[in-house]
> 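Please find one structure pasted underneath; my questions will follow.
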Protein chains: 2
Amino acid sequence: MAHPALTRQESTTATEAAVRKLKHDIMSGVLAPDSQLKMRELKSRYGIGATPMREALAQLAAEGFVHQRAQKGFRVPPVSIEELIDITKTRQIAEGEAIRLAIEHATEAWEEEIVSSFHVLARAIDHTKAGKKDRDHFEERHHRFHRALISSCPLKSLREFCDDLYVRKTRYRRLLGSYGFTAKEVIGEHRLLMDAVLDRDVPRAQAVIRQHIGITADVIAEVLRAKNPVKVTTEKRKRAKTNAR
Amino acid sequence: MAHPALTRQESTTATEAAVRKLKHDIMSGVLAPDSQLKMRELKSRYGIGATPMREALAQLAAEGFVHQRAQKGFRVPPVSIEELIDITKTRQIAEGEAIRLAIEHATEAWEEEIVSSFHVLARAIDHTKAGKKDRDHFEERHHRFHRALISSCPLKSLREFCDDLYVRKTRYRRLLGSYGFTAKEVIGEHRLLMDAVLDRDVPRAQAVIRQHIGITADVIAEVLRAKNPVKVTTEKRKRAKTNAR
DNA sequence: AAAACGAAAAATATCGATATTTTCTTCCTA
DNA sequence: TAGGAAGAAAATATCGATATTTTTCGTTTT
C-alpha cells in the first residue's frame, strides 16, 4: 500500500497529492527560490515514485510554479522585482476590467459571497498570530474574498487569468513573512474594496482595486530590495537539509 | 523531420517531442475533440514509453490542451460555442490593452517586425492552396504577425496571456478547415491592422483589432452551429483507427 | 424483461531498475 | 600552476513490468 512518508488522501491520485504539496511548499517558501529540486529528495519527501513525481513537476512547470531545463532537471523559480512589477501592472489592468464586468453583471449571490467572505476574512485577520498554520488559514480566506469580487464577471478566461496573477503575486507576499500593516489597516483596505464594489461604482472600484494591488506590491518590492540589494537570486548551496523535513 | 511516429530530434527530450506532436495533432484536429486518449495508442503513435507520455499529457493538461479526470485518463477537450465566445471577448479586452501599451512603447525594431512579418504573411496567404503542409505554414506566419503587433508591450504576463488566447482560438479556426474569406480579404484585414498600429492611432488600432477578433469568431461560430445544431460534443466512438495512422 | 451481481478484460496509475547525460574529482601536462 | 583530459559519481530521463481501478458483458434473480 501507499503510506511510506506522507498520507495520501483517499480517492486522490499520487500525482495530485504531490502537486498540491509541492505547490504549497513553493508558495510558502519552504523550498527556497532558485533551489534545485532533486528527484531523490522529492521522492522521499513526498513518498512516491519517479513517475508521478515527474508528472507533478511537469504539470507545475506548465503552470510556471517550477522551472525546467532539458537534462538539467527542475528548480524553484527565482523571484525578481521585475517580475513582481510585471505581475502587478498586468493585474491592475486585468482585474480592473474584471471588476467592471462583475459590477455590470451583478447578482444577489455575488453580493452575498462578497459580504460573507469579507466577514470571514476580517475575523481571520483579527485572530491571526502569524503562526504557520494561521498563515495558510488567512491566505485561503484572502483568496476567497478576492475571487468573490470578480465572481460575477461572465468571462471565465478573464477570471482565471486574474486568479493566476493573484496566485503568482501571493508567492511574493508569502515569501516575506509579515510586512508592516496592522490588522486594522488590512481590514480597512478590504472594506474599501467591498464598499466600492457593492455601491456598483465602477470608476471608484477600479481605482481602489488598482491602488490596493499597487500599494501591496510597492511594500513587497521595498522589502525585497532591502533584503537583497543587487541580485535576488539565491546563492548556490550544496543541500538544503534544513528544509528537508 | 517530424516524421510519422519516431524520429526524436537530437538534444531534445522524448517528453518535449511528444508535447510538440500531441499539441499539433490536437490543434489541427487530427485527434477529434472529446475523443479519449488511450495510453496504448499514444505510446505506439509517438513511439515512446509510458513515463514521458504521461509527463507530456500532464503538461498539456495544465495548459488546457487535454482534459484529465482522475483514474479515467485523458481526452481531447471538447469544443463549444460558449468557450469560443468567452475566448473572443476576453481576447478583445486583453489584446486591446496590449496594443495600446505596444503603441505607447513603440520602437523601431517593433515596426520592422510588423512590416516584415506582414509581408511574409501576405505572401503565404497568396500561395496557400489549403494543403496540409500549407496550413501549418500559414498558421506559423499568421501567429508571428499577431505576436509582432503586441511585441513592444512591456508587460510580459499580458503578452503571454494574449498569446494563450490566440492559440486557443486558433484551434477553433483550424478545426473548420477553410472558412469563406478570400485571400484578398484576409490580407486586407491584416493590412488594416498594420496601418492603424503603425500610425500609432490607439483608438483606431483598438477598434480594428476588436473587430478583427470578433468577425473571425462570428464566422467560426456560425459554421460550428451549422455543423452541429445542438451539442458540439462528439458522439461516443469505439476506436479512431482512421486516425491511428 | 429490468435490475443486480460478479468475474473477466481493459485501461489507468505506479513502481523499481536501467540507460543516458551532466557534474564533480583527480591527475597529468605544458 | 593554470588548463584540460579521463574517469568516477550523481542526477536526469526512460523503459518494462506490476498493482489498482474502471469498464464490459454474460448470468442470475426478482
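Per chain, numbering begins at 1; letters A, B, ... match sequence-line order.
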> D/dA9 C1' sits how many Å from A/Arg40 CZ, rounded?
11 Å
> Taking the basic N atoms (NZ, or NE/NH1/NH2) and the acidic carboxylate oxygens, is any pair closer than 4.0 Å for A/Glu83 and B/Lys156?
no
> Are A/Arg45 and A/Glu41 close enough for a salt bridge, meaning some N to O gap below 4.0 Å?
no
> Wobble G-U and Watson-Crick pairs count when both distances are under 3.5 Å; given that, what is the 5' to 3' dot-bracket string of DNA chain D, with | for pairing to other strands?
||||||||||||||||||||||||||||||
> Between D/dT23 atom C1' and B/Lys38 atom NZ, what is the distance in whole Å?
11 Å
> Mind checking if A/Leu37 touches a base, just sugar-phosphate, or nothing, with heavy atoms under 4.0 Å?
sugar-phosphate
> Counting only side-chain N and O atoms of A/Gln36, is one of them less than 4.0 Å from OP1 or OP2 of D/dT12?
yes
> Rounded to whole Å, how long is the line connecting atom NE2 of A/His67 with atom C1' of D/dT12?
19 Å
> Taking the minimum atom-to-atom distance to the side chain of B/Ala14, which one of C/dA11, D/dT12, D/dT14 wins?
D/dT14
> Report the distance from atom CG of A/Leu42 to atom C1' of D/dT12, rounded to the nearest whole Å.
12 Å
> How many Å lie between CD on B/Glu55 and P on D/dC15, as a whole number?
11 Å
> Nearest whole Å is fine: how far is D/dT12 C1' from B/Glu16 CD?
13 Å
> Go through C/dC15, C/dT14, C/dT12 for me and flag the one nearest to the A/Thr15 side chain.
C/dT14
> Give me the one residue out of A/Asp164, A/Thr88, A/Asp86 that meets side chain to side chain donor-acceptor pair (under 3.5 Å) with B/Ser157.
A/Asp86
> From C-beta outward on B/Met39, which listed nucleotide comes closest to its side chain: D/dT14, C/dT14, C/dT12?
C/dT12
> If you draw a 6.0 Å radius around NZ in B/Lys89, do more than 12 non-hydrogen atoms from other residues or ligands fall strictly inside?
no
> Would you say A/Thr13 places a side-chain N or O within less than 4.0 Å of OP1 or OP2 belonging to C/dT12?
no
> Taking NZ from B/Lys43 and C1' from C/dA10, how many angstroms apart are they, rounded to a whole number?
13 Å
> Go through the structure and list residues passing side chain to side chain donor-acceptor pair (under 3.5 Å) with B/His143, not counting sequence neighbours.
B/Arg147, B/Asp163
> Could you please name the option among C/dT22, D/dA11, D/dT22 that lies closest to any side-chain atom of B/Gln71?
D/dT22
> Between B/Met53 (CE) and D/dG16 (P), how many Å, whole number?
16 Å
> Looking only at the side chain of A/Ala50 (C-beta and beyond, no hydrogens), which of the listed nucleotides D/dC15, D/dT14, C/dC15 gets closest?
D/dT14
> May I ask you to decide whether B/Arg135 forms a salt bridge with B/Glu139, counting only side-chain N to carboxylate O separations under 4.0 Å?
yes
> Using 30° and 60° as the class boundaries, would you call the ring planes of A/Tyr166 and A/His146 parallel, tilted or perpendicular?
tilted
> Hey, which sits more toward the 5' end of DNA chain C by its nearest nucleotide, B/Lys72 or A/Arg69?
B/Lys72
